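Worksheet for the structure shown next.
Every value quoted in this text rests on a predicted model; they were computed, and no experiment measured them. Counting starts at 1 for both ligands and their atoms, following the listed order.
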Amino acid sequence: MYELISATPSPYARKVRIQLAEKGIPFELITEVPWNSDTQTPRWNPLEKLPVLICPNGESVFESRFINEWIEMKHPEPPLVPKDIDSILAVKRFEVIADGACDAMVLMFFEKARDEDKRSAPWYARQERKLSGALREMSRVIGDRKFCHADTFSMADIATGTLLRYITVRWPQNDWRALYPNLAVYSDRLEERPSFANTRPVPQVIRDRVA
Ligand SMILES: N[C@@H](CCC(=O)N[C@@H](CS)C(=O)NCC(=O)O)C(=O)O
């Protein structure tokens, strides 16, 4: 059986959990705090980040977008990526934007964790702009549609839905729902799917000081 190293708030790990659930692939969930000094993650990923998918033969697969592609290739049914090239590229574009926005939010989170006199307001604002830009673009492209691409649930929805819920958990004061009501409707609908409802992000306590 597969094992997945995951953290409860991680949007990256959530993408893999949702994909595995959508495909009905059984796995054992190993929950870690990757920032603590006793994390097992570096044993499995030289980049020391989770999620990590551990295969039954002991091979490890890391980097969420690569894990998602890997699973898609090894377990193509039901497909979560369309077949024609332009549609594949459209789906991947969403994944790039969503992952980039999550990366910006992680940087914001750790900027806030610094001592106040060491924080950089311009750096924080720069990351916040990336998040705003990502939301604006997603709202524009999704419009009033049910899914990111065409009429089918895909990896684009996993990435986008995961980003949107992560904002709600990390920055409840962020006004994205009011700014983009179409994204709020889209997100609420996605969160009703069992694969989403069963993987809602939950903050973790980071014991060791990182920043
Ligand atoms: N680009 C990576 C990002 C993963 C990531 O940043 N994971 C965080 C937890 S949410 C982590 O393990 N960070 C530990 C570190 O960067 O040392 C991916 O998509 O898998």
Side-chain angles (χ1 to χ4, degrees), residues 2-22 25 27-55 59-74 80-81 91-114 123-124 126-128 130-131 133-134 138 148 154-172 174 195-196 198-211:
Y2 287 113
E3 294 171 308
L4 180 71
I5 305 182
S6 168
T8 58
S10 172
Y12 310 103
R14 190 181 186 210
K15 287 191 305 175
V16 180
R17 291 174 67 189
I18 292 172
Q19 187 194 23
L20 290 167
E22 291 282 342
I25 301 171
F27 65 101
E28 186 188 329
L29 186 67
I30 302 172
T31 299
E32 284 233 322
V33 181
W35 307 103
N36 285 349
S37 53
D38 57 358
T39 174
Q40 295 301 302
T41 305
R43 266 185 61 203
W44 300 99
N45 177 359
L47 304 175
E48 306 199 359
K49 296 181 184 190
L50 58 75
V52 181
L53 184 71
I54 304 172
C55 303
E59 182 193 346
S60 62
V61 189
F62 38 82
E63 184 65 34
S64 61
R65 213 177 322 152
F66 177 62
I67 302 175
N68 287 146
E69 279 191 31
W70 190 97
I71 293 172
E72 202 57 40
M73 286 183 190
K74 296 271 190 187
L80 295 175
V81 173
V91 165
K92 285 189 180 298
R93 185 174 187 273
F94 272 100
E95 294 183 83
V96 168
I97 297 173
D99 287 354
C102 287
D103 292 346
M105 272 196 287
V106 170
L107 292 175
M108 286 159 68
F109 177 76
F110 282 106
E111 198 57 36
K112 269 195 159 173
R114 287 182 201 284
W123 176 253
Y124 189 90
R126 194 179 177 91
Q127 307 312 321
E128 211 169 24
K130 295 176 200 289
L131 175 59
M138 285 168 158
C148 284
S154 71
M155 286 304 307
D157 300 296
I158 296 181
T160 305
T162 296
L163 162 69
L164 295 174
R165 186 71 189 191
Y166 184 58
I167 307 173
T168 303
V169 170
R170 270 281 183 252
W171 274 276
N174 184 297
S195 61
F196 278 71
N198 296 330
T199 56
R200 297 241 167 93
V202 179
Q204 270 177 332
V205 175
I206 300 175
R207 188 193 58 224
D208 296 329
R209 184 110 201 229
V210 182

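- Using a 4.0 Å cut-off to heavy atoms of Ser10, the atoms of ligand 1 that qualify are 10 (S).
- Atom 7 (N) of ligand 1 has as its closest protein heavy atom Leu50 O, 2.8 Å.
- No donor-acceptor pair under 3.5 Å is formed between the side chain of Glu95 and the backbone N or O of Ala159.
- Contacts between Phe62 and ligand 1, counted as non-hydrogen atom pairs separated by less than 4.0 Å, are absent for every part of the residue.
- Of the residues listed (Lys74, Lys92, Lys15), the one engaging Glu69 in a salt bridge (Lys or Arg N to Asp or Glu O under 4.0 Å) is Lys92, and it is the only one.
- Here the protein heavy atom with the shortest distance to atom 1 (N) of ligand 1 is Glu63 OE2, 2.7 Å.
- At under 3.5 Å, not a single nitrogen or oxygen of Pro34, backbone or side chain, sits near a nitrogen or oxygen of ligand 1.
- Heavy-atom separations between Ala7 and ligand 1 are all 4.0 Å or longer.
- Proximity of a side-chain donor or acceptor of Tyr12 to a complementary backbone N or O of Asp103 within less than 3.5 Å is detected.
- Separation of the Trp35 and Phe110 ring centroids falls under the 6.0 Å cut-off.
- At under 3.5 Å, a nitrogen or oxygen of Ser64, whether backbone or side chain, sits near a nitrogen or oxygen of ligand 1.
- Across Ile158, Asp99, Ile97, Leu131, a single residue satisfies side chain to side chain contact (heavy atoms under 4.5 Å, CB included) together with Leu163, and that is Leu131.
- For ligand 1, none of its N or O atoms has an N or O atom of Arg65 under 3.5 Å away.
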